[in-house]
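Here's the structure we're looking at; comments come further down.
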Amino acid sequence: EALTKLMDAIKGAKDELSGEDKEAVEALLKIGVPPMGEKLQVFLPQQIVNQLHYAHNYLAKAMDEFKENYMEVEVGAVQKHGQPAMGKGIVELTEKHVAAWSAVEDVVKLMKSLFRVQSKGKYKTKADVLRSTWAELLKRVGKPVPPLMRSCSRLWSCFQLSARASLDTTGASLTSSTSP
């Protein structure tokens, strides 16, 4: 019943909307109110819902404490002015959430388009990138550079030896004069 009243209110406000908002409202009205007993599923962003639940619980607790210490007239005045403030807060949080989500989506679209235009066969793995970097290094240095895999494995074994040599069970630091 409450949902039917809400849909009627939305129908009345539909004429004032424009663009995407009007299309979204028309799609909602097209779906209509489901028959009694049928589940209505609404998907909402979890972050904003959690923020609004926290704010509601916080304000309800604060209002209960306020009721204990003040007269009914004062409580009524706070409730009267608090409801519109809560509504404004909900609108503000939602607008900020939508703006942040849109900014992230714009970056995601940009990244997807960037990767879509890149060459298909090149740089499929990190090793491919490393090989091409090594080949470019050979061109730029002007002198022979050791082969990639042997150089990397020597570097890795040197790192492991120095890491082992610098550790001591007593906590003292040892130095190693071992070189590969």
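What you are looking at is a predicted structure, and each value in this text was computed from that prediction instead of being measured.
- Between the CD atom in Gln79 and the CZ atom in Phe66 there is a gap of 9.5 Å [rounded to 0.5 Å].
- Checked by atom type and distance alone, the side chain of Glu74 pairs as donor or acceptor with a backbone atom of Met71 at under 3.5 Å.
- When the side chains of ILVMFWY residues are joined at heavy-atom separations under 4.5 Å, either directly or via intervening members, Tyr70 and Val78 end up in a single hydrophobic cluster.
- We find the NE2-CG distance between His53 and Asn57 to be 8.0 Å, quoted to the nearest 0.5 Å.
- There is no path of hydrophobic side-chain contacts, each under 4.5 Å, that joins Val49 to Val98.
- Checked for salt-bridge contact, Glu105 and Lys109 miss the test: no charged N lies under 4.0 Å from a carboxylate O.
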### Task
Any chance you could lay out the side-chain contact (heavy atoms from CB on, under 4.5 Å) test for Met63 and Lys67, step after step, and finish with the verdict?
CA-CA 6 Å; Met63 195 59 172; Lys67 284 178 184 178; 4.2 Å; yes
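- Atoms CD and OG1, from Gln51 and Thr94 in turn, are 9.0 Å apart once rounded to the nearest 0.5 Å.
- A 4.5 Å side-chain heavy-atom check between Leu52 and His56 finds every atom pair outside the cut-off.
- Within the 4.5 Å cutoff, the side chain of Lys96 has heavy atoms near those of the Glu92 side chain.
- Between the CD atom in Gln83 and the CG atom in Leu59 there is a gap of 10.5 Å [rounded to 0.5 Å].
- Scanning for side chain to side chain donor-acceptor pair (under 3.5 Å) contacts around Glu136 gives Arg140, with sequence neighbours left out.
- With a 4.5 Å cut-off on side-chain heavy atoms, Leu93 and His97 do not count as touching.
- Lys11 is listed as a side-chain neighbour of Asp8, based on a closest heavy-atom distance under 4.5 Å.
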